[in-house]
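As structure tokens, the structure follows; a few thoughts come after it.
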Amino acid sequence: MACQDGGGKTLEERIRLIEDRLAIYNLIASHPPSADTGAGEYVASVWTEEGVFDRGAELPRPTGRAAIAGGSSSAEHHRAIEQGIAHFAGLPYVRVEGDTAFAISYLQILVPDRVGPTFEVPNHGSSRGFHVHRVSANRWEFVRTEEGWKISQRTLRPLDGSPPARDILRGALEPHA
């Protein structure tokens with residue numbers, strides 16, 4: 001079937017692109033639950049063997065599937081989980097180019113506010129709320145493998161007014177080749 005209503009692409013090509021984007025959205029959407037539960041085995045399953053997680057100069061930069069997954073399984077990370085850490089991802093911009101793809105997204109790290117005043121929200125109970133610990137820009141890079149899409153690199157930079165985070169975000173605005 002060679003319907004040509006989608007910028008010169010066949011219907012099959014357009015459906016494959018939709019499926020690819022959905023698979024990548026799901027990979028990114030699975031990051032917060034896997035981080036907030038310490039799911040090291042799952043984390044290992046979504047990265048390439050030689051993956052790189054570049055979190056900037058101030059944080060460790062694990063390289064390789066085992067090292068990246070080890071971060072989710074570490075005692076330090078589990079202490080953060082026990083304190084109520086919540087990773088909250090924004091909807092990503094995704095661009096698929098054949099068997100590679102990239103995505104640009106925001107990530108917030110929230111933690112319970114243990115010292116703030118208690119306040120009540122009608123029909124939702126009372127709490128001290130949450131503190132935004134960090135907001136960052138992310139560039140995710142993916143490759144298609146026999147097992148499906150895998151993360152090959154992730155670059156994360158804090159949104160602190162410095163150029164590196166803005167440079168990542170500009171990636172969502174680059175014209176298609």
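Not measured: the values here are computed from a predicted model.
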State, to 0.1 Å, how close A137 and L159 come at their nearest heavy-atom pair, and which atoms those are. N-CG, 4.1 Å
R139 with E141: basic N within carboxylate O range, under 4.0 Å: yes
Considering all heavy atoms, the nearest W140-S105 contact: NE1-OG, 2.9 Å
Given side-chain hydrogen bond (donor to acceptor under 3.5 Å, both in side chains), test S136 with Y106 step by step and report yes or no. CA-CA 6 Å; S136 59; Y106 289 90; over 6 Å; no
Taking every heavy atom of P164 against every heavy atom of R157, the minimum-distance pair comes out as CB-CG, 3.9 Å
Rounded to the nearest 0.5 Å, how far apart are CZ of R134 and CG of D160? 10.0 Å
Please name the pair of heavy atoms, one in V43 and one in A69, separated by the smallest distance, quoted to 0.1 Å. CG1-CA, 3.8 Å
Closer than 4.0 angstrom, basic N to acidic O: yes or no for D20 and R144? yes
Under 3.5 Å, side chain of R95 to main-chain N/O of E174, donor-acceptor pair present? yes
Side chain to side chain, S127 and E120, heavy atoms closer than 4.5 Å: no
Give a yes or no on whether V143 and L22 share a hydrophobic cluster (residues Ile, Leu, Val, Met, Phe, Trp, Tyr; joining criterion: side-chain heavy atoms under 4.5 Å apart). no
Same cluster (ILVMFWY, side-chain, under 4.5 Å), I24 and L156: yes
Rounded to the nearest 0.5 angstrom, the CG-CD distance for L17 and E12 is 13.5 Å
So do the side chains of F53 and T63 get within less than 4.5 Å of each other, counting heavy atoms only? no
Quick one: do I168 and T155 satisfy side chain to side chain contact (heavy atoms under 4.5 Å, CB included)? Show the steps, please. CA-CA 8 Å; I168 287 174; T155 303; 4.0 Å; yes
Do Y25 and F102 belong together in a cluster built from hydrophobic side chains that touch within less than 4.5 Å? no
OG (S45) and CD (E147) are apart, to the nearest 0.5 Å, by 10.0 Å
Any chain of hydrophobic side-chain contacts (each under 4.5 Å) joining L169 to V132? yes
Checking side chain to side chain contact (heavy atoms under 4.5 Å, CB included) for the pair I15/E19: CA distance, chi angles, key distance, verdict? CA-CA 6 Å; I15 289 172; E19 290 173 340; 3.8 Å; yes
Test item: R166 side-chain N/O and G161 main-chain N/O as donor-acceptor pair under 3.5 Å: yes
Gap between atom CG of D167 and atom OG of S162 - 0.5 Å precision: 9.0 Å
Any heavy-atom pair between the side chains of N138 and I104 that's under 4.5 Å? no
State, to 0.1 Å, how close P92 and A103 come at their nearest heavy-atom pair, and which atoms those are. CB-CB, 4.3 Å
State the OG1-CD1 distance between T48 and I151, to the nearest 0.5 angstrom. 9.0 Å
In this structure, would L107 and W47 fall into the same cluster of hydrophobic residues linked by side-chain contacts under 4.5 Å? yes
Using a 6.0 Å cut-off, check whether atom CD of E58 has over 12 heavy atoms from anything other than its own residue. yes
Is the number of heavy atoms from other residues, nucleotides or ligands under 6.0 Å of F88 CZ greater than 12? no
W149 side, atom CH2; I28 side, atom CD1 - distance, nearest 0.5 Å: 11.5 Å
When F142 is tested against each of V96, V94, L27 for side-chain contact (heavy atoms from CB on, under 4.5 Å), which residue passes? L27
Please list, chain by chain and in numerical order, all residues satisfying ring-ring contact (aromatic ring centres under 6.0 Å, His included) with H87, sequence neighbours excluded. H31
Those residues at least two apart in sequence (or on a different chain) that pass ring-ring contact (aromatic ring centres under 6.0 Å, His included) with H77 are none
Minimum heavy-atom distance V115-D113, with the two atoms named: N-OD1, 3.0 Å
Applying side chain to side chain contact (heavy atoms under 4.5 Å, CB included), run through V52 and R61 and close with a yes or a no. CA-CA 7 Å; V52 176; R61 183 184 187 194; 3.5 Å; yes
Please list all pairs passing the salt bridge (Lys or Arg N to Asp or Glu O under 4.0 Å) test where one or both residues lie in residues 29-49, with sequence neighbours left out. E49-R65
